[in-house]
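Below is one structure; the comments refer to it alone.
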Amino acid sequence: MNIRSANSAGMSNMSLSGRPRAAAVILAVVASGAGQVLLLPPVAAWWLSLVVFVPALWALDGLRGFRAFGAGWLMGASPSLVLGYWIAPTVVNFGGMPWSIGVLAHVAYALVFGAYAGVFAWGLAPLRRMTGRWWPFAAAALWASCEFLNPQMFAHYLGLAFYQRPEIFLVTSVTGIAGVSFLMVLVSAVLFAGLKSRALPVGPALVTLALLVATVGYGTYRGAQIGKAQAAAGTRRIALLQDNLDVAARAVLARRGPTVITDTLVEQSRRALEADPTIEVIVWSEGVLPGSPSDRHNEAVRALARKHGVEVWVGGHSWEGERHYNSAFRVRGDGVVDPPYRKNILVPFGEYLPFGKVFASSQLARRLDRNHPGHEQPVFSSPAGAFSFLICYEAIKSGYVRRLVNRSIDLLVNLTYDAWFGDTSCPHLHLAASAMQSAQYGVPMARVSSTGISAFVDARGIITSSAGLFAPAVLVADVPRVVKRSLYASWGDWFAWSCVGACAALLAAWFRKVARR
């Protein structure tokens with residue numbers, strides 16, 4: 001059968017020319033897209049990964065070109081529309097913009113960051129024709145490639161569905177998160193192929209089963225090795241102070257005077273230290289301290305450290321002239337303040353405004369214009385171990401974290417402020433994407449968020465204790481001083497780039513074949 005007749009036969013399986021069929025396609029891709037929300041935290045219905053892509057694969061079967069791209073784009077935009085429902089009120093309430101701009105920002109966010117699924121759908125038909133019955137592997141590689149190359153503002157990786165199931169998720173220490181997403185799409189594709197032909201394709205099914213068995217075997221082995229290392233390692237006793245000061249509460253306290261927030265935090269910390277004098281380090285959240293601990297009005301912070309012989313790791317602010325930096329500080333047990341870490345990766349629309357000149361007159365643009373990124377990644381050496389700060393969503397940037405991990409740290413300290421999200425699924429998703437780093441690199445994490453979710457994460461990526469949303473809390477834990485080096489730390493995104501290379505080669509071969517005909 002030549003290519004033209006093959007295409008015609010494929011299109012006969014599903015046509016968008018009829019209204020009912022178009023409606024069925026839309027319903028199917030939206031079901032697969034919205035279903036991804038159930039895969040992700042806080043629901044994390046990992047078992048849905050077996051079937052969540054089946055409706056989309058059915059809808060895309062026989063589609064090609066712009067029709068396929070449009071259907072896939074709709075699938076990609078659907079979860080972003082659901083997960084990003086906090087965007088519009090945030091732009092209105094904190095950016096001083098009208099609701100029309102807030103809604104536009106929400107829709108634009110979904111369209112921009114959902115386009116990667118359109119690319120997946122566009123490339124699926126050519127890859128199926130090039131790979132024959134082995135197409136499920138090509139589909140999985142294509143999805144992993146598109147997800148990896150998508151410049152996501154927030155992490156919507158499919159693989160996060162398994163982030164608290166180490167027997168599966170610890171394969172990320174070899175492949176990164178792309179490996180888990182690959183497996184999820186592969187299983188759905190093999191299942192769809194079996195449903196379509198009423199019999200599982202024997203070869204692809206056996207290889208898929210072998211990959212799943214190997215994944216579980218490796219995850220179980222690595223989890224056990226890390227467990228043994230943690231049991232034998234020394235520990236440091238760390239307290240996380242979840243102050244529960246949301247945007248409004250911080251503003252109210254700040255208006256009362258420059259020392260009010262500091263005194264509030266010091267009092268909360270003092271009570272925690274009196275209840276447990278063995279605490280070695282107490283950690284405060286992102287940006288909670290007015291200015292630097294070295295400032296005169298923050299003397300109470302240094303006094304707290306000296307009195308209890310405890311280190312305070314805290315988020316605050318530093319300046320160089322008019323340049324403002326979102327910063328994190330280490331206050332030593334003798335009250336000495338180390339030079340700050342200045343946040344390197346700023347949050348779009350939160351700390352800087354893309355296309356700022358367009359909105360130069362807005363309240364949001366004026367507020368964000370002063371923020372600047374830092375350019376260094378210092379490692380802090382303390383009696384509690386070697387650690388590095390990650391501020392806010394720096395903790396979900398795997399390449400950025402890799403550079404720190406490869407500098408022999410044994411603790412990641414994530415200071416964040418998730419009050420902007422409100423009581424939504426986003427704080428849960430942010431926590432999952434941060435905990436992912438511990439699984440990928442074998443390094444524990446202490447994460448404190450002003451309004452939640454604060455948590456301790458062990459070197460397997462398992463959350464060992466956490467606080468609730470919008471509730472004051474003090475979490476105390478003995479954190480093992482252990483690092484279990486991973487292949488992913490050394491080789492980086494080799495698996496994702498291999499998927500990209502393989503798909504690019506197959507697509508190039510397809511288009512050469514089409515050109516010859």
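Index from 1, following the sequence.
Between Arg402 and Asp493, at least one side-chain nitrogen of the basic residue sits less than 4.0 Å from a carboxylate oxygen of the acidic one, meeting the salt-bridge criterion.
Looking at Glu167 and Thr220, their side chains never bring a donor and an acceptor atom within 3.5 Å of each other.
Under the side chain to side chain contact (heavy atoms under 4.5 Å, CB included) rule, Tyr341 has a single partner from Ile391, Leu415, Val413, which is Ile391.
Taking the six-membered ring for Trp and the full ring otherwise, Trp143 and Phe53 have centroids separated by under 6.0 Å. Taking the six-membered ring wherever Trp is involved, the centroid distance between the rings of Phe113 and Tyr109 falls below 6.0 Å. Taking the six-membered ring where the residue is Trp, the centroids of Tyr488 and Tyr441 are separated by under 6.0 Å.
A donor-acceptor pair under 3.5 Å links the side-chain atoms of Ser32 to the main chain of Val52, judged by distance alone. Of the possible polar contacts, one joining the Ser438 side chain to the Val443 backbone as a donor-acceptor pair under 3.5 Å is found. Although no hydrogens or angles enter the test, the distance criterion places no donor-acceptor pair under 3.5 Å between the side chain of Ser434 and the main chain of Ile396. Not one N or O on the side chain of Thr172 forms a donor-acceptor pair closer than 3.5 Å with the backbone of Ile177. Judged by distance alone, the side chain of Arg129 and the main-chain N or O of Ala125 form a donor-acceptor pair under 3.5 Å. Judged by distance alone, the side chain of Glu394 and the main-chain N or O of Ile345 form a donor-acceptor pair under 3.5 Å. One N or O on the side chain of Gln242 and one on the backbone of Ala471 form a donor-acceptor pair closer than 3.5 Å. Formation of a donor-acceptor pair under 3.5 Å by the Thr451 side chain with backbone atoms of Phe470 is not found in this model. With hydrogens and angles ignored, the 3.5 Å screen pairs a side-chain donor or acceptor of Gln437 with a backbone N or O of Ala395. With hydrogens and angles disregarded, a donor-acceptor distance shorter than 3.5 Å links the side chain of Glu286 to the backbone of Tyr417.
Across every non-hydrogen atom of Tyr157 and Glu147, the tightest pair is CA-OE2, 3.4 Å. For the pair Trp99 and Ala88, the tightest heavy-atom approach, listed with the atom from each and the gap, is CZ3-CB, 3.8 Å.
Contacts of Asn406 classified as side-chain hydrogen bond (donor to acceptor under 3.5 Å, both in side chains), with partners at least two apart in sequence or in another chain: Arg485. Here Cys503 pairs with Leu127, Ala141, Leu142, Ser145 under the side-chain contact (heavy atoms from CB on, under 4.5 Å) rule; sequence neighbours left out. Asp458 pairs by the side-chain hydrogen bond (donor to acceptor under 3.5 Å, both in side chains) definition with Arg460, not counting sequence neighbours.
Between Leu211 and Leu183 the shortest side-chain heavy-atom distance falls below 4.5 Å.
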*Stepwise side-chain contact (heavy atoms from CB on, under 4.5 Å) test for Thr416 and Val448*: CA-CA 6 Å; Thr416 188; Val448 60; over 6 Å; no

_Audit row: Ser173, Gln440, side-chain hydrogen bond (donor to acceptor under 3.5 Å, both in side chains) steps and yes/no_ = CA-CA 4 Å; Ser173 65; Gln440 290 182 145; over 6 Å; no

*For Arg222 and Ser486, what are the C-alpha separation, side-chain angles and deciding distance, and is it a side-chain contact (heavy atoms from CB on, under 4.5 Å)?*
CA-CA 10 Å; Arg222 181 167 173 83; Ser486 69; 3.7 Å; yes

*For ring pair (Phe, Tyr, Trp, His ring centres under 6.0 Å), just list the numbers for Trp497 and Phe148, CA-CA rounded to whole Å, side-chain angles, deciding distance to a tenth of an Å, and then say yes or no.*
CA-CA 9 Å; Trp497 282 116; Phe148 171 66; 5.1 Å; yes

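Between Trp134 and Phe137, the angle of the ring planes lies from 30° to 60°, which puts this pair in the tilted group. Using cut-offs of 30° and 60° for the angle between ring planes, the Phe162 and Trp46 rings count as tilted.
Judged by the 6.0 Å distance and 45° axis criteria, Lys397 is positioned over the aromatic ring of Tyr393.
Within a 6.0 Å radius of CZ in Phe511, more than 12 heavy atoms belonging to other residues, nucleotides or ligands are found.
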